[in-house]
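These notes concern the structure reproduced below.
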Amino acid sequence: AQTVTQSQPEMSVQEAETVTLSCTYDTSENNYYLFWYKQPPSRQMILVIRQEAYKQQNATENRFSVNFQKAAKSFSLKISDSQLGDTAMYFCAFRYSGNTPLVFGKGTRLSVIA
Amino acid sequence: GAGVSQTPSNKVTEKGKYVELRCDPISGHTALYWYRQSLGQGPEFLIYFQGTGAADDSGLPNDRFFAVRPEGSVSTLKIQRTERGDSAVYLCASSLSGGLAEAFFGQGTRLTVV
């Protein structure tokens with residue numbers, strides 16, 4: 001069974017600074033898909049960034065980027081120039097193929113401080 | 001609609017009662033997922049539909065939980081003989097096919113069993 005571990009229950013960062021959220025996973029699959037989702041207090045999960053394990057290049061979406069280390073089974077999220085609106089729960093998620101369900105970590109609560 | 005719609009937003013029910021939670025996915029999305037999220041936890045998979053059929057119901061905790069998607073669009077999660085431990089936020093998501101496909105989430109139904 002696949003598992004996703006987020007070892008930081010809570011983090012805080014000053015506005016405009018950079019923060020990195022960690023995520024590790026366990027799988028025996030060779031190709032799979034990794035995601036970071038954001039959940040603000042409104043409860044709606046929003047996709048932040050995604051990566052296919054087959055691709056070596058780290059994904060980037062504006063201020064959000066990942067550091068994907070396949071051998072180490074690590075998929076960390078870096079948020080640059082943090083904004084107050086980035087305050088939310090962040091969940092790392094894994095999918096091993098096709099439309100199989102996402103497996104989520106327990107989340108990291110990020111607070112951006114003015 | 002523009003996004004995934006879940007009704008009701010909140011539901012309070014007495015222990016032992018029957019409840020139905022509705023999910024209206026994005027039009028054209030063949031995959032539909034139900035998750036349960038307890039306080040401070042990541043979403044846990046319950047059941048996944050591909051079209052009208054349940055492709056994977058391995059996450060349903062027991063036979064009090066059942067879900068249908070009769071016409072391949074709207075889905076209903078049904079819980080019989082509710083227990084206080086069923087209290088959680090129930091999330092629905094839909095997506096197109098493909099491993100990297102984004103799962104779009106609704107805002108969830110907060111179920112409270114008293």
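A note on names: the letters A, B, ... follow the listed sequences, proteins ahead of strands, and every chain is numbered from 1.
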Would [X] and [Y] show up in the same hydrophobic cluster when neighbours are defined by side-chain heavy atoms closer than 4.5 Å?
| X | Y | answer |
| --- | --- | --- |
| B:L46 | A:V103 | no |
| B:L21 | B:I47 | yes |
| A:M89 | A:V13 | no |
| A:L47 | A:L102 | yes |
| A:I79 | A:F91 | no |

List, with distances to 0.1 Å, the donor-acceptor pairs found between chain A and chain B - the cut-off being under 3.5 Å and no angle criterion applied.
from	atom 1	to	atom 2	distance (Å)
A:Y37	OH	B:A103	N	3.1
A:Y37	OH	B:A103	O	2.9
A:Q39	OE1	B:Q37	NE2	3.0
A:Q39	NE2	B:Q37	OE1	3.0
A:R43	NE	B:Q107	O	2.8
A:R43	NH2	B:S9	O	3.2
A:R43	NH2	B:Q107	O	3.2
A:R43	NH2	B:G108	O	2.9
A:Q44	NE2	B:F105	O	2.6
A:R50	NH1	B:L100	O	2.7
A:R95	NH1	B:G99	O	2.9
A:R95	NH1	B:A101	O	3.1
A:G98	O	B:G99	N	3.4
A:N99	O	B:Y33	OH	2.5
A:N99	OD1	B:G98	N	3.1
A:N99	ND2	B:Q50	OE1	3.1
A:N99	ND2	B:S97	OG	3.4
A:L102	N	B:Y35	OH	2.9

Open item on the list: Tell me the closest heavy-atom pair linking B:L100 and A:F35, and the distance in Å.
Closed with: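 That closest heavy-atom pairing would be O-CE2, 4.0 Å.
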
- [ ] Sequence neighbours left out, what pairs pass disulfide bond (SG atoms under 2.5 Å apart) with at least one residue falling in residues 16-114 of chain B?
- [x] B:C23-B:C92

- [ ] May I ask you to list the residues sharing a hydrophobic cluster with B:F66, side-chain cutoff 4.5 Å, ordered by chain and number?
- [x]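 Besides B:F66, the hydrophobic cluster comprises B:V68, listed by chain and residue number.
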
Task: Proximal to chain B - members of residues 67-78 of chain A, heavy-atom separation under 4.5 Å - done: none

Task: Partner chain A: residue of B:A55, B:G40, B:A31, B:G42 with the largest heavy-atom pair count (under 4.5 Å) - done: B:G42

- [ ] Below 4.5 Å from any heavy atom of chain A, which atoms of B:L91 appear? Answer side chain, backbone, both or neither.
- [x] side chain

- [ ] Go through the atoms of A:L34 and report whether side chain, backbone, both or neither lie under 4.5 Å from a heavy atom of chain B.
- [x] neither

Task: B:L39 atom CG, neighbour heavy-atom count above 12 within 6.0 Å - done: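 No, not enclosed.
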
